[in-house]
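Comments concern the structure below.
So you know, we letter chains A, B, ... as the sequences are listed, proteins then strands, and number each from 1. Quantities reported herein were computed from a predicted structural model and do not represent experimental measurements.
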Amino acid sequence: MKDKNTEAKVALAPNFIREIMKEDLRTNKWGGRVVTRFPPEPNGYPHIGHAKAICIDFGLAAEFGGVCHLRFDDTNPTKEEQEYIDAIKEDVRWLGFNWGEHEYYGSDYFDQMYEWALQLIKDGKAYVDDLKPDQIRAYRGTLTEPGKESPYRNRPVEENLDLFERMKAGEFEDGSRVLRAKIDMASPNLNMRDPVMYRILKAPHPRTGDTWNIYPMYDWAHGLEDSIEKVTHSICTLEFEDHRPLYDWFLDQLDVYHPQQIEFARLNLTYTVMSKRKLLKLVEEGHVGGWGDPRMPTISGMRRRGYPPEAIRNFCERIGVAKRDSMVDVSLLEYFVREELNKHALRYMGVLRPLRVVIDNYPEDTVEELEAINNPEDPAAGTRKVPFSKVIYIEREDFREDPPRKFYRLAPGREVRLRYAYFVTCVDVVKDEKTGEITELHCTYDPATRGGDSPDGRKVKSTLHWVSAAHAMNAEVRLYDRLFTTPDPNEVEQGQDFMANLNPNSLEVLNACKIEPSLVGAKPGTRFQFERQGYLCVDPDSTHDKPVFNRTVTLRDTWAKIEKAQGGS
RNA sequence: UGGGGCGUCGUCAAGUGGUAAGACACGGGACUUUGGAUCCCGCAUUCGGAGGUUCGAAUCCUCCCGCCCCAGCCA
């Protein structure tokens, strides 16, 4: 399940949940068991924030020899879809976790929940309320004022039983009645002011069809699901902290198995948004190509972008688990992506923005097969042959007619190395007479430097990647930038929302890329490096004639930094 | 202004009375047939603030300040 090589480097830092589990094991609180659960509502695609939760739920359980249940919290048929269930399962699996037999659905427990509701009614701890939604809201009071008790609060048990049964039978309209817990309308915790347990929803459920006309609310359902599954540690995010008294109350009243709820702070990442509602908006309004768009912080988006699952796991371990709100710098995620890809991605040469170069003194009809290393970090990856000939392409940005300070690449009269090939010197620059655009370079090569070493010990300041024009394959490369222009997209001027910070240039498509022939036939999902450019991943849009690559992340770019510090150009 | 949480480097985050780990980012250097990788070095006299307890406090006490969450028949 886990790659020891990569996982080992990320030390397991202590975190408070890990400590709680250790302590519970030490005191034998749960009889030596550790059972967690990842309980997504299938109403959207999982994102990197869910990845954090998945790593905590599955990771901690595995670490302590326990199990983690994958449980779909499907209590609201108006929002949930099978498509999302499938996506969640695929993503959890892809991240490297395994729930074994433990695939559960909250809806599978609807009968048991109903029985328990009956029990609470009989005990005088729940009642059917005829108040309408807006009345319930009004009766709830405010943050500083207590609520008022509903006039229906003290209905006789028999009447409650009768009404509740008829709610179930579909006799009443949506919104006309609810079942409420009878707790305390004056509680300073609003969640305890007679929370709704069931609402009438005459909606077909993906799994239970039309057998139910009432559906349980989260607070009622969740603890029961945990209890039924004999969960030990019910881990959730901070906003549920206020719900814990209610979680505990239901289980105590029912006198059933009672897990411990533990809350941690959800993940926030710079330059992105992390709520399903906001991500849905991006999808629905067409700002991205879908939930799996490579710019999305969704797990499916990151997969298509080329992020390795190990990188995401390492990231989740490194950011830790705590209770304080935080905003993690996306560069930390990118660091783990690069780290992983550097170790495993095979290297190729590809020119994104080609500039034609003619090597004047190279024989016309000769083609040499030069040996190139596939991955300097992994000798076992071996070598390959790359064709070289008189006309090649280099990167436009690797030539400057008037090189700025510290620009080591090609310039008129300057000698550089072509990786794995020869030293070449630029002898002429050809321009378009009308536009002044550089259309072609002429160079001479030094035959003694074959392979890239000079026998006379002559040094050269830089090495360029290249592709033989006659052998190059055309490709499309999609470059991605952050989806938002500001570290915290939610920070906006009065009257605006996060959409105001959308980056209009988050996608750039390059259509005339030239790549070395070794890449022919690479399967979608294949991750590799274009030397000196970055890591790429074969996109499913690829066709036989034209591969499409997503740039996962650039290499660290020292020159870009220097150039920026020099004031650009 | 009711209740629940949280405040340690630019960003995450250890630390639980014994004198501030680590990572990313950033800056500098070495090395280099990827300006990649790798390797060195630097980077909180101080833990939201003020008092107090103590030989000793980020850790205990008091007060104050700031930030987040809660008034869905969403989860």
How is A:Arg180 classified with respect to the nucleic acid when contacts are heavy atoms under 4.0 Å: base, sugar-phosphate, or nothing? nothing

Is the closest basic N to carboxylate O distance between A:Arg37 and A:Glu225 below 4.0 Å? no

List for me each residue that meets ring-ring contact (aromatic ring centres under 6.0 Å, His included) alongside A:Tyr105, sequence neighbours excluded, and say none if there are none. A:Phe72

Residue-phosphate contact under 4.0 Å: A:Thr558 side-chain N/O, B:G36 OP1/OP2: yes

Whole angstrom value for the distance that separates C1' of B:U38 from CZ of A:Arg338: 16 Å

Any ion pair linking A:Glu173 and A:Lys202 (charged N to carboxylate O, less than 4.0 Å)? yes

Over all strands shown, is A:Pro376 touching base, sugar-phosphate only, or nothing at heavy-atom distances under 4.0 angstrom? base

Under 4.0 Å protein heavy-atom contact, by nucleotide of nucleotides 68-75 of chain B - B base, S sugar-phosphate only: SBBBSBSB

Verify the stacking flag for A:Tyr408 against B:G35: centroid separation must be under 5.5 angstrom and the ring planes must differ by under 30 degrees. yes

Should the pair A:Glu263-A:Arg244 be classified as a salt bridge under the 4.0 Å nitrogen-to-oxygen rule? yes

Salt bridge (Lys or Arg N to Asp or Glu O under 4.0 Å) filter on A:Glu145, not counting sequence neighbours, yields none

Output the rounded distance in Å from CZ (A:Phe528) to C1' (B:U34). 15 Å

Would the base of B:U34 count as contacting A:Gln533 through its side chain, where contact means a donor and an acceptor less than 3.5 Å apart? no

Donor-acceptor pair under 3.5 Å: do we get one between A:Glu241's side chain and the base of B:G3? no

At under 4.0 Å between heavy atoms, what does A:Tyr139 touch on the DNA or RNA strands: base, sugar-phosphate, or nothing? nothing

Nearest heavy atom decides the nucleotide; on that basis, is A:Asn15 or A:Asp557 closer to the 5' end of RNA chain B? A:Asn15

Give me the distance, rounded to whole Å, that separates B:U11 from B:U45 when you measure between the C1' atoms they each carry. 23 Å

Taking any heavy-atom pair under 4.0 Å as a contact, classify A:Lys276: base, sugar-phosphate, or nothing. nothing

Within 45 degrees of the axis of the six-membered ring of A:Trp559 and under 6.0 Å from its centre: does A:Lys406 put its NZ or CZ there? no

Rounding to a whole Å, what distance do you find between A:Gln261:CD and B:G5:P? 12 Å

Does the side chain of A:Arg324 get closer than 4.0 angstrom to OP1 or OP2 of B:G5 through an N or O atom? no

Heavy atoms only, 4.0 Å cut-off, all strands: where does A:Met349 land among base, sugar-phosphate and nothing? nothing

Cation-pi geometry met for A:Lys323 and A:Phe264 (6.0 Å, 45°): no

Inter-nucleotide P distance (B:G48, B:A13), Å rounded: 14 Å

Rounded interatomic separation in angstrom, taking CZ from A:Arg318 and C1' from B:A21: 11 Å

Between A:Val416 and A:Tyr408, does the side-chain contact (heavy atoms from CB on, under 4.5 Å) criterion hold? Intermediate values first, please. CA-CA 8 Å; A:Val416 299; A:Tyr408 301 148; over 6 Å; no

Rounded to whole Å, how long is the line connecting atom CG of A:Asn268 with atom C1' of B:C67? 13 Å

Are there any protein N/O atoms within less than 3.5 Å of an N/O atom in nucleotides 29-31 of chain B, and if so, which ones and at what distance?
none

Does A:Asp194 pair with A:Arg153 as a salt bridge, N-O distance under 4.0 Å? yes

Of A:Leu555 and A:Ala421, whose nearest nucleotide on RNA chain B comes first from the 5' end? A:Ala421

Would you please name every residue forming a salt bridge (Lys or Arg N to Asp or Glu O under 4.0 Å) with A:Lys22, sequence neighbours left out? A:Glu19

Need one value for A:Val416: base, sugar-phosphate or nothing, where a base atom within 4.0 Å counts as base even if backbone is also close, heavy atoms only. nothing

Nucleotide paired to B:C67 in any strand shown, Watson-Crick or G-U, under 3.5 Å: B:G5

Whole angstrom value for the distance that separates C1' of B:U32 from CZ of A:Arg419: 10 Å

For A:Arg527, check side chain to side chain donor-acceptor pair (under 3.5 Å) against everything at least two apart and list the hits. none

Now, which nucleotide makes the Watson-Crick or G-U wobble pair with B:C60, with each of the two distances under 3.5 Å? B:G52

Starting from C1' on B:C12, measure out to OH on A:Tyr335 and report it in whole angstrom. 14 Å

Any strand, both distances under 3.5 Å, Watson-Crick or G-U wobble: B:C12 pairs with B:G22

